[in-house]
Every structure is written in C-alpha cells, then in structure tokens.
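Heavy atoms only: backbone and side chains are in, while hydrogens, waters and symmetry mates are out. Proteins get letters first, then strands, A, B, ... in listed order; numbering begins at 1 in each.
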Number of protein chains: 2
Amino acid sequence: MANPQCRLCGLKSPAAKLLSSSELETLELNCAQINFKKGDVIFREGSLATNIAYLKSGLVKIHMKGPTGDKILRLMKAPSYLGLPTTFGDKVNHYSATALIDSHICFISLDTFRDFIFKNGSFAYEIILELCRNELADYQKYTNMSQKQLPGRLAEILLCMSHELYKTNKFELPLNINELSDFISTSRESVSRMLSEFSKEGIIAINKKELTILKEDMLEKISLKG
Amino acid sequence: MANPQCRLCGLKSPAAKLLSSSELETLELNCAQINFKKGDVIFREGSLATNIAYLKSGLVKIHMKGPTGDKILRLMKAPSYLGLPTTFGDKVNHYSATALIDSHICFISLDTFRDFIFKNGSFAYEIILELCRNELADYQKYTNMSQKQLPGRLAEILLCMSHELYKTNKFELPLNINELSDFISTSRESVSRMLSEFSKEGIIAINKKELTILKEDMLEKISLKG
DNA sequence: TCTATTATGTGATAAATGTCACATTCTCCC
DNA sequence: GGGAGAATGTGACATTTATCACATAATAGA
C-alpha cells in the first residue's frame, strides 16, 4: 500500500482530470494504491463492495460464476474504473476482478467518489459517459458472441486483443486456453482444437504463449461470417 | 404528440423526482410525449440519437442486428429510460427500440437532460445508479445465457417474464416464437419444439398467445441446471 | 368472407460442439 | 535437475442444435 499523489498523477482518469485541485486533495486523502501480481484477485464476487477500484496500470479480467463454471465478461486495460456498476449497483459484488499481469489499483473511498458525483457535474457526466460507452461495447460483443459459432467467436477475441489491447499482430496471450474457453463460452478442448486448426491453415502462429496473426484478413472473414 | 405536464406527471422516473420545480418546468418545455402502437419503432439502429427516450408506460424490446439476424437484448418495462447508453455513448444509435404493446414515450431534449446532470448532483447520481443496475442485470443474464443450453435459456426467460414483467403465472406472451428465438439466440424451430415439449410434460400450457406456468418448480430446475 | 401472407409445428437429417480418455508438455518449487 | 501438478493436444464418440422440407394454422386486408 502506497500513499498516492493524486495531484501529480499522470494517469488520471478522464473524470479525475475534471476535479479541482482541492477535490484532488480530498481524493488523495481517501485513496490508497495497491499493487497486484498476476493472478491476484482485486475484488471478489459475493464480498462487500466498499471501494471504487481504479486500474491505473495493468490488465484485468472481469469474471463471474455461471451455471457451469466461470465466465469471463471482459478484459479491462488501464486506465479505467473497474467495478463501478458492481460497487454502485449493489452492496455485494456481482462479479470478480483478477489481475492478468502485475497491476496498480487505486482504491477510492465510496463516499468521496459519491461526493464528487454530487458536487461536480462534469465529473458525474464523464462517469456517465464511461458507463454508457461500456454498455454499448458490451451489447455489441454480447450480440456477436451469442450468434457466432466457435470459429467466429475465437477469431473475434483474437482480433480484439490484437486491435484493442496490444495494437500489434504479435503479442503474448493474456489468457490461457481454459480462460479463453471461459471467455467465449465453450470447452477447453474446443479452443485447443480450433487454435490448432487456425495454425495448420497458417492463419496464426503460436509459440508458447506468443501469438502472431499471420492472415488477418482470413481471421476477419472467419469472425464476420460467424 | 402531446404537450406533457411534467410537473404533475405521476409517472416520473426516480431521477426526475429529484428535480426542482423550476427544473421540471424546463423539462416540460423541452419534452414531447409521443404514443407508439404495437410494432412501432421508437428509435432505430444507425440513425442519429437526438433525444432521450423515457418509457412512461408500455413495454419495449431493445434489439440489434447481429451477424446472423436480429438479437433481442432486453425487454424494458415502464417506467424507464430507454436508450441512455446509445444516446450518450455515440452520436448514432447502436440498437433499436420497438414497442411490443401500445406505449407512451417522452422524448427529452438531450441538452436539457445533460444540463440536469451537470447542475443537479442527485439527478446525476440517480442516473448513474440506473445505469449500474442495468449493467449488473445484463451481466448476469449474459453469463446465464451463454452457458445454459436451450431448455435452460427458454425456461429462464419464461420465468423472467412471469416474475419481473407480469408478476403472475398466467400472461400473454409479449414476443412471438421468432422473437423468442432472437432473444435466446437459437432457431425458431428449436423454440417451437421446446415449448411443445414443456407443454407435453405439463410444465406450461399455451393457448394462443396466453401462457400459463403450471410447474414453476420444474421450470426453475430446468433453468438452473442449464 | 375469402385469400394471401405470415406464423407455427414437426419429422428427417446434417453439422457443430461437448465429453471422456489419455498422452504429452510445461512450470514451478525444492 | 528432477518430479509433481497443472496445462495442453488430440482421437473417438455422444449429444445438442441447426437446417431443410413441408404441413397446418392464424391473421390481416381486399
């Protein structure tokens, strides 16, 4: 746990950039930065939601227990608030957040954060925008994932990682096969087989955890056709 | 189009109840009520999002074009804001809203609504709460729907209609078979078959559009086990 | 009322995916 | 470096669901 310096922080959220310097001072007094290692749980489904979690740096999976096992709902890259809906929406967390790589989280007192919403309209509006954009993205992904078959779903998340997360065609997979299957709601074996198939067809190459997209256009086609 | 009387309106949203009387006056001047018949499109995917839509009474489906056809994302019952995320999140609507029964919608000027957020913290907070609760519910449903098989998915939405929408075991189905299949992401034929099966087993009874849940415990069991 | 159109029910079959079993490989820790 | 446990690859088979084809029923207009 470190004493953060919110005023000087270069990784402020768009909302926090709209806070006055006295508000930032308040934030600083009601905020604690904690560093998580890969695999650490940041907050857990079923436990009390007592703080706002702000992902200052790192990568996190949001996941929830489903009828047949874990379901990964989304990956969150920094900078981003992690569980606004589960913190405001209910007293108890409805889902968990787990670090996929070493990550820095600032926990902000709920009362302080709420106070900013009440007293700083720009801050509130920025939070609303973030919530809205997230929902739009979620709906789009939900629709795609529910209508595409396995090859399309897998292609989509590989492309998503390449485009949204890493901005390159060659990257280290942040999820293992099991997690990939939790993400696209299928079995571990099916993911394994499909990745082999993509490899055989020269669409991707996998070396340990490192994935290279060789034929992006093919992957796009597979993703689109479902 | 009617001239609404927001100040006297008995169907105010939780957020609107927090507006001052002068704010309500402003709302009244920047708001128009329009009545939609069953099947009418309230706003359409791809068109400009220019107003906030508040569902004062009625029932609406939120739906989006997916890779293989229409996907119903959720049913919205009154009272509720309809497309906050698609209105704030982007200039263009990412999904459509269509009336399932005759519905009264108040369209509110976006600028006016935004002004309330900026100037009335309680209002903003209430909007944030609504967005957060929606996301929680969506995540839960998304997880369930992606992990359950067809019988479980169908059982779930029937129970949902019974519990959340109508609060009775006997109700008129608001969706036809095709829409049901768009909702649970399967084929029309599969829904038809599964409803027949539920009927044969005495779990439900269907008479035209009227559905009666006869063995709620059985339906719960089917929904839970996936 | 009649008819065209749309919605629904159902069998036969194909396709996709899950499940089980087991071999192999990787990784972490001593 | 070696071994235990976890992660991954892959074949065989079972299960689920989609698809096609067509019959029947409901509904909206003329």
Side-chain angles (χ1 to χ4, degrees), chain A residues 37-40 61 66-72 98 100-101 145-158 172-201 204-211 222-223 225-226, chain B residues 37-40 61 66-72 100 145-158 172-201 204-211 222-223 225-226:
Chain A
K37 291 200 185 311
K38 179 178 175 175
D40 288 348
K61 67 171 174 177
T68 64
D70 216 41
K71 165 74 185 174
I72 296 183
T98 302
L100 293 172
I101 58 176
M145 288 290 163
S146 67
Q147 289 191 347
K148 289 178 184 176
Q149 315 199 129
L150 208 146
R153 299 208 298 277
L154 184 56
E156 178 171 329
I157 62 164
L158 293 181
E172 185 128 330
L173 274 173
L175 303 174
N176 63 28
I177 305 268
N178 232 308
E179 290 173 313
L180 285 174
S181 73
D182 289 340
F183 201 7
I184 63 178
S185 304
T186 185
S187 66
R188 175 188 73 74
E189 292 94 327
S190 294
V191 172
S192 180
R193 261 186 268 269
M194 200 54 63
L195 285 174
S196 297
E197 216 166 298
F198 285 174
S199 289
K200 266 180 217 151
E201 291 170 22
I204 61 170
I206 301 187
N207 186 349
K208 310 250 177 178
K209 286 268 165 201
E210 190 185 78
L211 184 137
I222 292 169
S223 171
K225 85 150 187 260
Chain B
K37 290 202 187 309
K38 179 178 176 176
D40 287 349
K61 68 170 172 177
T68 64
D70 216 40
K71 165 76 187 174
I72 296 183
L100 293 172
M145 288 289 162
S146 67
Q147 290 193 346
K148 288 179 186 177
Q149 314 200 132
L150 209 149
R153 299 209 297 279
L154 183 57
E156 177 171 330
I157 62 163
L158 294 181
E172 186 127 330
L173 275 172
L175 303 173
N176 64 27
I177 306 268
N178 232 307
E179 289 173 314
L180 285 175
S181 74
D182 289 340
F183 201 6
I184 62 178
S185 302
T186 185
S187 66
R188 175 189 72 73
E189 293 94 325
S190 295
V191 172
S192 181
R193 260 185 269 269
M194 200 54 64
L195 284 175
S196 297
E197 217 166 298
F198 286 174
S199 289
K200 267 181 216 150
E201 292 171 21
I204 61 172
I206 302 186
N207 186 350
K208 311 251 177 178
K209 286 268 165 200
E210 190 185 77
L211 183 136
I222 293 168
S223 170
K225 86 153 186 257

[atom1]-[atom2] distance between [X] and [Y], expressed to the nearest 0.5 angstrom:
| X | Y | atom1 | atom2 | answer |
| --- | --- | --- | --- | --- |
| B:L180 | B:T186 | CG | OG1 | 11.0 Å |
| A:F198 | A:L154 | CZ | CG | 5.0 Å |
| A:I184 | A:E156 | CD1 | CD | 10.0 Å |
| B:L195 | B:L173 | CG | CG | 7.5 Å |

Task: Per-nucleotide protein contact string for nucleotides 14-30 of chain C, where B marks a base within reach and S marks sugar-phosphate only (heavy atoms under 4.0 Å, - for neither) - done: --SSSBB----------

Euclidean distance, atom [atom1] of residue [X] to atom [atom2] of [N] [Å, nearest integer]:
| X | N | atom1 | atom2 | value |
| --- | --- | --- | --- | --- |
| B:I177 | C:dT8 | CD1 | C1' | 6 Å |
| B:I184 | D:dT17 | CD1 | C1' | 12 Å |
| B:F198 | C:dT10 | CZ | C1' | 17 Å |
| A:N176 | D:dA6 | CG | C1' | 10 Å |
| A:E179 | D:dA7 | CD | C1' | 11 Å |

Task: Enclosure of B:K209 NZ (heavy-atom neighbours >12, cutoff 6.0 Å) - done: yes

Open item on the list: Here's a test for you: under side chain to side chain contact (heavy atoms under 4.5 Å, CB included), which of A:T98, A:L100, A:D70 qualifies with A:E179?
Closed with: A:L100

Task: Check: A:K71 side chain, B:S146 main-chain N or O, donor-acceptor pair, under 3.5 Å - done: no

Open item on the list: Is it the case that the side chains of B:S190 and B:S187 hold a donor-acceptor pair, with the cut-off being a distance below 3.5 Å and no angle test?
Closed with: yes

- [ ] Using a 4.0 Å heavy-atom cut-off across all strands, classify B:S192 as base, sugar-phosphate, or nothing.
- [x] base

Open item on the list: When the axes are fitted on five pairs at both termini, how much does the helix from C:dT1-D:dA30 to C:dC30-D:dG1 curve, in 10° steps?
Closed with: 50°

